[in-house]
Number of protein chains: 2
Amino acid sequence: MAAAATIPTPPAADWIDRAEAALRAAGHRSSGPRSAVLELIGNQECVLSAREIADELRAGGREVGVATVYRTLELLESMRLVQRLDVGGRSARYEPALPGGEHHHHHLVCDRCGRVTPFEDPRLERAIADLGRRLDHSVGGHDVILRGLCPRCAASA
Amino acid sequence: MAAAATIPTPPAADWIDRAEAALRAAGHRSSGPRSAVLELIGNQECVLSAREIADELRAGGREVGVATVYRTLELLESMRLVQRLDVGGRSARYEPALPGGEHHHHHLVCDRCGRVTPFEDPRLERAIADLGRRLDHSVGGHDVILRGLCPRCAASA
DNA sequence: GTCGATGCAAAGAATTTGCAGGACC
DNA sequence: GGTCCTGCAAATTCTTTGCATCGAC
């Protein structure tokens, strides 16, 4: 069943190409460090913090300054190419996003191990869309975070 | 109409009493600074950050060290007497919560002015409850954040 | 050649922690 | 009187910013 299923599928594999194209179209230049960040973000499945991105790049031999990581994330977020997510830790997390809302999803956060798992549910989306129409507040986007125990932690609890 | 309405009602006025009682029952002591924090949290309508709490207390002539504010919030959160909320700013916000889930609600965040407005919607709650049952992940709580423009900012945009 | 992008290091902001003294029970 | 609580200040962590340099177009 598709409804309410957790999503094993990684983000669109062409996110990287689309992001690079969007950046170029907006007049931004291409560069080694920026491409490295884009590739890392596009190829990973779960949300990453700026620190994790910098660490993974260094581990992969493509060290990029933290300032550049932050500036790249800020740029990508302003172009809605990444979605920022605050799940409660000390740092913000980012994940690839597509402007049209494709692959839109939400997150399950494990209170025990911190693992973040994406899921999607059409009914929830419908409820939120309807709700938005009834509120005296224009709604442009939304985040839903469910907290609990992931299967692994629930088993060992 | 009650559904999907923003909530003008302040949190239960007896939250303060309940919180003080819960703390005492758990073996914690009462003190001036702690009571000042409890009173401020219980009497305000919107979510507050640790910094805002410290500032308001100082303005009210009841200065409390920031460390104490943080320690009190940590304690209250661990006892589920306050709910922590990350709306995207640099700091976490807190609001009174009742263990039984009474006055449970969610938030609208204005992308322009940052104003946070609570709302509640039974249908959304139902969709989330059903969803929780279908997921391979135990769900203990949830946050929903809708982003957009508040009426005031929408009017002046 | 121009102007955007990068890296380093310093600045800032939020939160945590060590410690000595004071208050509650 | 013991133990919890508090405040201060130092330490940490996350993020932003100034500035000189480098590189893409």
Side-chain angles (χ1 to χ4, degrees), chain A residues 19-41 47-58 60-79 81-94 114, chain B residues 19-41 47-58 60-79 81-94 114:
Chain A
E20 297 248 23
L23 288 173
R24 202 168 317 160
H28 295 285
R29 296 177 183 174
S30 174
S31 78
R34 185 168 286 176
S35 295
V37 173
L38 286 174
E39 279 179 40
L40 183 67
I41 293 176
V47 291
L48 292 178
S49 66
R51 160 64 81 113
E52 289 167 339
I53 290 171
D55 287 347
E56 290 208 25
L57 288 174
R58 188 178 321 117
R62 299 238 258 164
E63 181 160 1
V64 171
V66 274
T68 296
V69 173
Y70 278 106
R71 282 189 280 234
T72 300
L73 289 171
E74 181 189 8
L75 174 61
L76 292 173
E77 191 191 5
S78 73
M79 296 184 68
L81 288 167
V82 296
Q83 173 66 44
R84 177 185 164 142
L85 182 70
D86 292 290
V87 292
R90 15 195 100 170
S91 58
R93 309 290 251 303
Y94 298 83
Chain B
E20 297 247 24
L23 287 173
R24 202 166 319 161
H28 296 286
R29 295 178 182 173
S30 172
S31 78
R34 186 169 286 175
S35 294
V37 173
L38 286 173
E39 279 179 40
L40 183 67
I41 293 176
V47 292
L48 292 177
S49 67
R51 161 63 82 114
E52 289 166 339
I53 290 171
D55 286 348
E56 291 209 24
L57 287 175
R58 189 178 321 118
R62 297 239 257 164
E63 181 160 2
V64 171
V66 275
T68 297
V69 173
Y70 279 106
R71 282 189 279 234
T72 300
L73 290 171
E74 181 188 7
L75 174 61
L76 293 173
E77 192 190 6
S78 74
M79 296 184 67
L81 289 167
V82 296
Q83 173 65 44
R84 177 185 163 142
L85 181 70
D86 292 290
V87 293
R90 16 195 99 166
S91 58
R93 308 289 252 302
Y94 299 82

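Throughout, a chain's letter reflects where its sequence line sits, starting with A, and its residues are numbered from 1.
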For residues 82-89 of chain B, which residues have at least one heavy atom under 4.0 Å from DNA chain D?
none
Tell me the interatomic distance from A:Leu48, atom CG, to D:dC14, atom P, rounded to whole angstroms.
14 Å
Using only side-chain N and O atoms of A:Tyr70, determine if any of them is under 4.0 Å from OP1 or OP2 of D:dT16.
no
Measure from CD on B:Glu52 to C1' on C:dA14 and round the result to the nearest Å.
13 Å
Rounded to whole Å, please give me the gap between CD in A:Glu74 and P in D:dC14.
19 Å
Going by the salt bridge (charged side-chain N to carboxylate O under 4.0 Å, His left out) test, which pairs reach into residues 24-40 of chain B, not counting sequence neighbours?
B:Glu39-B:Arg62
Its contact letters, B for base, S for sugar-phosphate only and - for none at protein heavy atoms under 4.0 Å, make nucleotides 5-13 of chain D read SBBB----S
Just how far, in rounded Å, is P of C:dA14 from CG of B:Leu73?
14 Å
Can you tell me if CZ on A:Arg90 sees more than 12 non-hydrogen neighbours from other groups inside 6.0 Å?
no
Are the side chains of B:Leu40 and B:Leu57 in contact, using a 4.5 Å heavy-atom criterion?
yes
Side-chain contact test, heavy atoms from C-beta onward, threshold under 4.5 Å: evaluate it for B:Thr72 versus B:Ile41 and give yes or no.
no
Do other residues, nucleotides or ligands put more than 12 heavy atoms under 6.0 Å from A:Arg51 CZ?
no
Donor-acceptor pair, B:Arg84 side chain versus B:Arg93 backbone, under 3.5 Å?
no
Mark yes or no for whether A:Glu52, through its side chain, and A:Ser49, through its backbone, hold a donor-acceptor pair below 3.5 Å.
yes
Would you confirm whether B:Thr68, through its side chain, and B:Val64, through its main-chain N or O, come within 3.5 Å as a donor-acceptor pair?
no
